[in-house]
Amino acid sequence: MAQESTPPPVTPPPPPSLEQASPSLAMVKEKGDLPPAPAPEPAEEADSPGAKGKELQGPTLPSPPEGEQKDSRSSTLAAMMEKEEPVSSPQPPPEEKTELTEKSAATEEEVVAVAVADTGKEKQVQENKVPQTLVSFKEESNLVSDLSDIERKALEELKQLVQEALNTHQFSTAPPKKEERQSVIVTQEAQTTQETSKDEASASESDVSTEIKPPAETQESKVEETPEKESQEVAKEEQKAASSPEEITIWGIPLLKDDRSDVVLLKFLRARDFKVRDAFVMIKNTIQWRRDFKIDELVDEDLGDDLEKVVFMHGYDREGHPVCYNVYGEFQNKELYQKTFSDEEKRLKFLRWRIQFLERSIRKLDFSPSGISTVFQVNDLKNSPGPGKRELRLATKQALLLLQDNYPEFVAKQVFINVPWWYLAFYTMISPFMTQRTKSKFVFAGPSKSAETLFKYVSPEQVPIQYGGLSVDFCDCNPEFTIADPATEITVKPATKQTVEIIIYEKCFIVWELRVVGWEVSYSAEFVPDSKDAYTIIITKPTKMTPTNEPVVSNSFKVGELGKILLTVDNSTSKKKKLLYRFKINPFSD
């Protein structure tokens, strides 16, 4: 139990009366040299030998709702203190010091006032242990005004080529050439003459014939009129088609209509380094492939839900990109593996399902120039079948080729987590199909760094609980918190205690969630009243938490007098730990 100390240099605001409503504030106090949480900047990207990279694509969802970030905390006052107390444990090994850029130990105490609902925190950039690529990918703007002169000129040239192709119906099946039509007419004339000769020969050999033949002159005029009439009809059809440009849409966006069309065309240009002719050929090939693969019909097909745990969408990254999770470990299930990859027909069905999922997700993206039209991909390689699985290799290669040729520039970042030792060999094998641009989007993290790496790009409340975050599907068992409720991150240094102190200024009902990624720490909770004559109430006695425990601790407490809630995490290990927590305060009256 933490002892009371003298007031800090910055005096917190005086508590309001219990009857008076007021906006809630939080006072964050840090003792020791607690490092701030890591910054959401690209990190732990790996350069794989000889890798050049094209991207596997993933699905997406609409932008997250904005009005749900506020909660009932705005109706109360609270102050939150985060303290660190060293414990008598062996100091961490010297190499641990290289993992963080530590704050100077000269500052013993720092006080910062923030709103409870404010999730902004100063972040820390960590050194990377995984080799980095020389250039980390940063998305370019889709606003025409932000393009360089060369890029703007390339876009205009591509639009002219597309307009010409639409006017001349180059994207659709071309009508028969003039020589082919003349050949058809000549063939029809020959067939008619041959049939007439056969009929005459048959009539002359018969003793009795009741057939009445039309005059030869009538037959000849009919043969002459037929090709002339057909030629006139074909000419009319060609004239009608030429007068109205064809309409082509891709991912639900017209190919040449408004600024959304510019975003689509820019994807093809960037995939071909702004080489206009190459981008135009890519567009034509993509449209033809979509027609051959019957994409528009595929979107509405029912292909079952056997693979819904293999690929799914969940939450958004810190920049608003929808996040797609690809869980390859699900294929450890032999029955599912055989059902998906055992023969060519099943592999084709898997490919169709994957493309359907991607198409449905892409159509939910915002293709406006200032919108988000890319996806943040997370590839979980835990328990993934090894490279010896020939069927999986074939399906992966086939999907890679199709996606790289027909779905350009739909991935903002590719993060690989729980990366096993054998993956670099597999990565080297598929690297010939990749470009340097896509390679710059790749980030790799081993099992011990997976959660920490995800938090650099995705807030903990948006990360699924199985990957170290706090997000679960809404249900009756977890009605208090949603993906919209922000969480606070704290790094607990080795051999230290971290105490989160929530000061209560009025009667209320408080509920909180807390987890330490990987646990292996002790956790306790207590309420300390302000009254000197009152006793401390133990909410949760000190408990050793292990990785086998529930990943998230949820608790609540009814506060009938002023005081403070203390949530203490004792990290006696030689490793730093990531602490996540969030809480809500609901005032009540007697």
Test item: K584 side-chain N/O and E480 main-chain N/O as donor-acceptor pair under 3.5 Å: yes
State whether the number of non-hydrogen atoms from other residues, nucleotides or ligands found under 6.0 Å of K558 atom NZ is greater than 12. no
ring-ring contact (aromatic ring centres under 6.0 Å, His included) pairs touching residues 535-565, sequence neighbours excluded, are F527-F557
Using modelled atom types and a 3.5 Å cut-off, is there a donor and acceptor pairing between side-chain atoms of K267 and backbone atoms of E409? yes
Donor-acceptor contact present, side-chain E513 to main-chain R582, <3.5 Å: no
V327 vs V311, test: side chain to side chain contact (heavy atoms under 4.5 Å, CB included). Steps then yes/no. CA-CA 6 Å; V327 188; V311 183; over 6 Å; no
Flag the pair V500 / I490 as yes when at least one side-chain heavy-atom distance between them is below 4.5 Å, and no otherwise. yes
Any donor-acceptor N/O pair, D146 side chain to L143 backbone, under 3.5 Å: no
Interatomic spacing from NZ in K456 to CD in E452 - rounded to 0.5 Å: 5.5 Å
Trace of the side chain to side chain contact (heavy atoms under 4.5 Å, CB included) decision for V463 with F455: CA-CA 8 Å; V463 176; F455 295 159; 3.9 Å; yes
Side-chain heavy atoms of I362 within contact of F367, under 4.5 Å: yes
Any carboxylate oxygen within less than 4.0 angstrom of a Lys/Arg side-chain nitrogen, looking at K577 and E520? yes
Would a 4.5 Å heavy-atom cut-off, applied to side chains only, mark K507 and V559 as touching? no
Has E461 got a side-chain atom pairing as donor or acceptor with L470's backbone, closer than 3.5 angstrom? no
Closer than 3.5 angstrom, by distance alone: can the side chain of R515 be matched with the main-chain N or O of G469 as a donor-acceptor pair? yes
Nearest-0.5 Å distance that lies between atom SG in C508 and atom CD1 in I565: 7.5 Å
Residues K575 and P494: closest non-hydrogen pair is C-CG, 3.6 Å
Apply side chain to side chain contact (heavy atoms under 4.5 Å, CB included) to the pair T340 and L307, showing each step before the final yes or no. CA-CA 9 Å; T340 308; L307 301 172; 3.9 Å; yes
For the residue pair K389 and F331, would you count it as a cation-pi contact if the rule is NZ or CZ under 6.0 angstrom from the ring centre and within 45 degrees of the ring axis? no
Would you give the length of the straight line joining atom CG of L580 to atom CG of L514, rounded to the nearest 0.5 angstrom? 8.0 Å
For the residue pair F444 and F442, categorise the inter-ring angle as parallel (less than 30°), tilted (30 to 60°) or perpendicular (more than 60°). perpendicular
Distance-only polar pair, side chains of D570 and S522, donor-acceptor under 3.5 Å: no
Exactly one of R318, H321, E319 clears side-chain contact (heavy atoms from CB on, under 4.5 Å) with F376, and that residue is H321
Are P464 and V472 side-chain neighbours, meaning at least one heavy-atom pair lies under 4.5 Å? no
State whether K309 and E330 are salt-bridged, where the test is any N-O pair (Lys NZ or Arg NE/NH1/NH2 against Asp/Glu carboxylate O) under 4.0 Å. no
Here the pair of heavy atoms bringing V517 nearest to G468 is CG2-O, 3.8 Å
Got a sec, which residues hit side chain to side chain contact (heavy atoms under 4.5 Å, CB included) with K541, two or more places apart in sequence or on another chain? I538, T543
For Q377 and N326, does a side-chain donor sit closer than 3.5 Å to a side-chain acceptor? yes
Got a sec, which residues hit ring-ring contact (aromatic ring centres under 6.0 Å, His included) with Y325, two or more places apart in sequence or on another chain? F312, Y467
When rounded to the nearest 0.5 Å, the distance separating CZ of F410 from CG of L403 is 11.0 Å
Do side-chain atoms of Y337 reach the backbone of L392 as a donor and acceptor pair under 3.5 angstrom? yes
Kindly give the heavy-atom pair with the smallest separation between P322 and L365, and that separation in Å. CG-CD2, 4.0 Å
W519 meets the ring-ring contact (aromatic ring centres under 6.0 Å, His included) criterion, sequence neighbours left out, with none
Say whether, by atom type as modelled, one donor and one acceptor occur between the side chain of K441 and the main chain of V411 under 3.5 angstrom. yes
Short side-chain donor-acceptor distance under 3.5 Å, D317 and Q462: no
Would T374 and E139 count as having a side-chain donor-acceptor pair, cut-off 3.5 Å? yes
Go through the structure and list residues passing salt bridge (Lys or Arg N to Asp or Glu O under 4.0 Å) with D306, not counting sequence neighbours. K339
Closest approach of S368 and D366, non-hydrogen atoms and distance? OG-OD1, 2.8 Å
Go through the side-chain N and O atoms of T573 and N571 and say whether any donor and acceptor fall under 3.5 Å apart. yes
Would you check if Y523 and L567 make a side-chain contact, meaning some heavy-atom pair closer than 4.5 Å? yes
With rounding to the nearest 0.5 angstrom, report the OG to NZ distance, S450 to K382. 9.0 Å
Scanning both residues in full, the closest heavy-atom pair of D530 with G563 reads OD1-CA, 3.4 Å
Test side chain to side chain contact (heavy atoms under 4.5 Å, CB included) on I504 and K564; report intermediate values, then the result. CA-CA 5 Å; I504 308 299; K564 51 191 173 185; 5.9 Å; no
Taking the side chain as everything from C-beta on, heavy atoms only, tell me whether M545 gets closer than 4.5 Å to V553. yes
N555 and T540: side-chain donor and acceptor closer than 3.5 Å? yes
Distance in Å, K493 NZ paired with S574 OG, rounded so as to fall on 0.5 Å steps: 14.5 Å
Would S531 and D533 satisfy side-chain hydrogen bond (donor to acceptor under 3.5 Å, both in side chains), going step by step from the backbone distance to the final call? CA-CA 5 Å; S531 175; D533 298 330; 4.9 Å; no
I need the minimum non-hydrogen distance between S440 and K413, along with the two atoms involved. O-NZ, 4.2 Å
Under the rule for salt bridge (Lys or Arg N to Asp or Glu O under 4.0 Å), what residues qualify as partners of E308, not counting sequence neighbours? none
If we only count heavy atoms from C-beta on, is the V415 to T453 side-chain gap below 4.5 Å? yes
